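Everything below concerns the one structure shown next.
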Number of protein chains: 2
Amino acid sequence: MTDSDRQTEEKIFEAATDVFVEKGMDGSRMQDIANHAGINKSLLHYYYRSKDHLFNAVFEKIADEMFRKFAPVFDENLSLDDKIRFFFREHIGFLQRNPRLPAFLLNEINRNPGRVKKLIRNVNVNKFWMMLMEQHPDELAEYRITKELLPQLMITIASISVFPFAARGILETLFENMDIDFDDFLEKRKEFAATFVINALKNNK
Amino acid sequence: MTDSDRQTEEKIFEAATDVFVEKGMDGSRMQDIANHAGINKSLLHYYYRSKDHLFNAVFEKIADEMFRKFAPVFDENLSLDDKIRFFFREHIGFLQRNPRLPAFLLNEINRNPGRVKKLIRNVNVNKFWMMLMEQHPDELAEYRITKELLPQLMITIASISVFPFAARGILETLFENMDIDFDDFLEKRKEFAATFVINALKNNK
DNA sequence: TCTAATTTTGACCAATTGGTTAAACTATAT
DNA sequence: ATATAGTTTAACCAATTGGTCAAAATTAGA
């Protein structure tokens, strides 16, 4: 598929995604997006009414993609331990392929929390957590994970997976001075994180 | 101390801190900072040559403050377990009093990684980690924390402490729908995080 | 008190920004 | 072929932006 074959609207969306993710909403320029897409700036307004509209389209797609990545865990027919292993492998793997998404999303959400409200309203997180408790009543009881502790546990798991990407800018320069390869660190983290969390749970018996 | 007593330069710095932390470098306006400080915009350029200079002054002070908060752990004459407890109590406590700093720092560093290079060059992180290994050779051996695993462990600890603040915008709206109080969550996290990490280590024996 | 240095101000500027518009171009259907 | 609708472009605009400057106000030193 050559560059000119792709539909203009699609080209705009992809260029906008690149620029917005790299520079953020405030740091991005419509002219820059147009250049990236190889088209006239007016076309941005022709297909997407304004910078806000264009940004929202990009933001919502990325946010949706991101949140969706948490879901499969609740479907998989696995033991709790295997679910944890599955999650870290898949989630860190996804972020390795999209390393800039966490920083972009976290920043834009903090900058404008109202944006995420609209998205989250549709997702009943409670439902997912109830599913977890129904799928693994015995294991959770064994590990003494009460309903009150579940948020702490879930956010701890998310922290361990997402934070290295959100802090990529620091970690990469930190690692430079220590002869550690960031990609290698991430690859090993899939296993380390799973074992770490499972150990923490097991010892809580 | 009344408003007019405070030195102008100090007033500017404080106003700039507020605005930059809230809106980020790109989203902040010099006029807005001047208004916050209650002074004429030209004074910003009189005391700090440009927006870049002003931002760097603010950024470097905050970054320094932030990194400094990781250091006391390496001094305290405590067992490894107590150090972990001490760290989470103090670090989450500090972030509770400065909840916007993590998101601000992480974003600006990702936006311009060169900025942090200058700061980190002075801090030999390796040295701190070596100190840890010298202070607790027995415990680390017992927990099977090798030199290769230490970065994974340290970053996991940082993740658990910092991430909830970086993701504040999401978590607060998430919690809203679940009748969880964010401040209460943070207060309980100090204890939860410490126990969680210590359990993970103990079970690795 | 008078003078010189410092601090503060408002008016101003060039460049950049998101956005508009009318004209030009292209494709499609009759 | 030609009219029509959809697409693309260049020129333009008003508002905003970081920054300058000379004059005014204040302070400090003699």
Side-chain angles (χ1 to χ4, degrees), chain A residues 1-62 104 107-109 111-112 114-115, chain B residues 1-62 104 107-109 111-112 114-115:
Chain A
M1 184 167 73
T2 77
D3 204 56
S4 61
D5 284 324
R6 273 157 54 224
Q7 296 300 319
T8 305
E9 191 169 346
E10 190 186 339
K11 278 198 320 199
I12 292 176
F13 190 87
E14 287 172 16
T17 301
D18 287 350
V19 174
F20 279 137
V21 167
E22 195 194 324
K23 312 235 186 188
M25 161 73 161
D26 291 333
S28 296
R29 302 289 157 242
M30 294 296 267
Q31 185 61 59
D32 192 23
I33 294 172
N35 292 344
H36 263 71
I39 52 148
N40 187 285
K41 177 166 71 93
S42 295
L43 275 184
L44 300 184
H45 294 94
Y46 180 76
Y47 285 98
Y48 301 85
R49 282 156 57 73
S50 65
K51 187 184 181 184
D52 262 303
H53 280 78
L54 180 52
F55 178 83
N56 281 338
V58 170
F59 175 84
E60 278 174 31
K61 196 205 163 189
I62 289 181
F104 169 76
N107 180 52
E108 296 300 340
I109 289 170
R111 205 64 71 206
N112 185 349
R115 258 200 272 275
Chain B
M1 184 166 75
T2 77
D3 205 55
S4 61
D5 284 323
R6 272 160 54 226
Q7 296 301 319
T8 305
E9 192 170 344
E10 190 187 339
K11 278 197 320 198
I12 292 175
F13 190 87
E14 286 172 17
T17 300
D18 287 351
V19 174
F20 279 137
V21 167
E22 195 194 323
K23 312 234 185 189
M25 161 71 161
D26 290 333
S28 297
R29 303 288 158 243
M30 293 296 268
Q31 186 61 59
D32 193 21
I33 294 172
N35 292 344
H36 264 71
I39 52 149
N40 188 285
K41 176 167 72 95
S42 296
L43 275 184
L44 301 183
H45 294 94
Y46 181 75
Y47 285 98
Y48 301 85
R49 282 156 58 73
S50 66
K51 187 184 181 184
D52 261 304
H53 280 78
L54 179 53
F55 179 83
N56 281 338
V58 169
F59 175 84
E60 279 175 30
K61 197 206 162 189
I62 289 181
F104 168 75
N107 179 53
E108 296 300 340
I109 289 171
R111 204 66 71 205
N112 185 349
R115 266 201 201 98

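The figures here come from the full heavy-atom set of this structure, side chains too, leaving out hydrogens, waters and symmetry mates. Residue numbering restarts at 1 for every chain, and letters A, B, ... go by the order of the sequence lines. Note that the structure is predicted; figures quoted are calculated from it, not measured.
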Legend entry - Polar pair under 3.5 Å, donor/acceptor by atom type, side chain B:Lys41, base D:dG19: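 Present.
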Rounding to a whole Å, what distance do you find between [X]:[atom1] and [N]:[atom2]?
X: B:Ile33; N: D:dG18; atom1: CD1; atom2: P; answer: 8 Å
X: B:Gln31; N: C:dC13; atom1: CD; atom2: P; answer: 18 Å
X: A:Ile39; N: D:dG6; atom1: CD1; atom2: P; answer: 19 Å
X: A:Gln7; N: D:dG6; atom1: CD; atom2: P; answer: 15 Å

Inset, instruction - Please report the closest heavy-atom contact between B:Tyr48 and B:Ala57, naming both atoms and the distance. - result: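 Smallest interatomic distance, heavy atoms only, reads CE2-CB, 4.1 Å.
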Legend entry - A:Asn40 side-chain N/O to D:dT8 phosphate OP1/OP2 under 4.0 Å: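 No.
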Inset, instruction - Report yes if at least one side-chain N or O of A:Thr8 is closer than 4.0 Å to OP1 or OP2 of D:dT7; otherwise report no. - result: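 False: A:Thr8 side-chain N/O out of range (4.0 Å or more) of D:dT7 OP1/OP2.
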Any non-hydrogen side-chain atom of [X] less than 4.5 Å from a side-chain atom of [Y]?
X: A:Arg115; Y: A:Asn56; value: yes
X: A:Tyr47; Y: A:Leu54; value: no
X: B:Met25; Y: B:Asn107; value: no

Inset, instruction - Mind running a 4.0 Å heavy-atom check of residues 22-30 of chain A against DNA chain C and sending the residues that fall below it, in number order? - result: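 The answer is A:Ser28, A:Arg29, A:Met30.
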Legend entry - A:Glu9: salt bridge (charged side-chain N to carboxylate O under 4.0 Å, His left out) partners, not counting sequence neighbours: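 None.
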Legend entry - Of residues 42-58 of chain A, the positions that come close to DNA chain D - non-hydrogen atoms, cut-off under 4.0 Å: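 By residue number: A:Ser42, A:Leu43, A:Tyr46, A:Tyr47.
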Legend entry - Counterpart residues, ring pair (Phe, Tyr, Trp, His ring centres under 6.0 Å), relative to A:Phe20 (two or more places apart):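 In terms of ring pair (Phe, Tyr, Trp, His ring centres under 6.0 Å), with neighbours along the sequence ignored, A:Phe20 is linked to A:Phe55.
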Legend entry - Pairs touching residues 14-24 of chain B that satisfy side chain to side chain donor-acceptor pair (under 3.5 Å), sequence neighbours left out: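 Only B:Arg6-B:Glu14 qualify under side chain to side chain donor-acceptor pair (under 3.5 Å).
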Identify each donor-acceptor pair in which a side-chain atom of residues 34-44 of chain A lies under 3.5 Å from a protein atom, sequence neighbours left out, and give them as a table.
{"residue": "A:Asn35", "atom": "OD1", "partner": "A:Gln31", "partner atom": "NE2", "Å": "3.1"}
{"residue": "A:Asn35", "atom": "ND2", "partner": "A:Gln31", "partner atom": "O", "Å": "3.4"}
{"residue": "A:His36", "atom": "ND1", "partner": "A:Asp32", "partner atom": "O", "Å": "3.3"}
{"residue": "A:Asn40", "atom": "OD1", "partner": "A:Ser42", "partner atom": "N", "Å": "2.8"}
{"residue": "A:Asn40", "atom": "OD1", "partner": "A:Ser42", "partner atom": "OG", "Å": "3.3"}

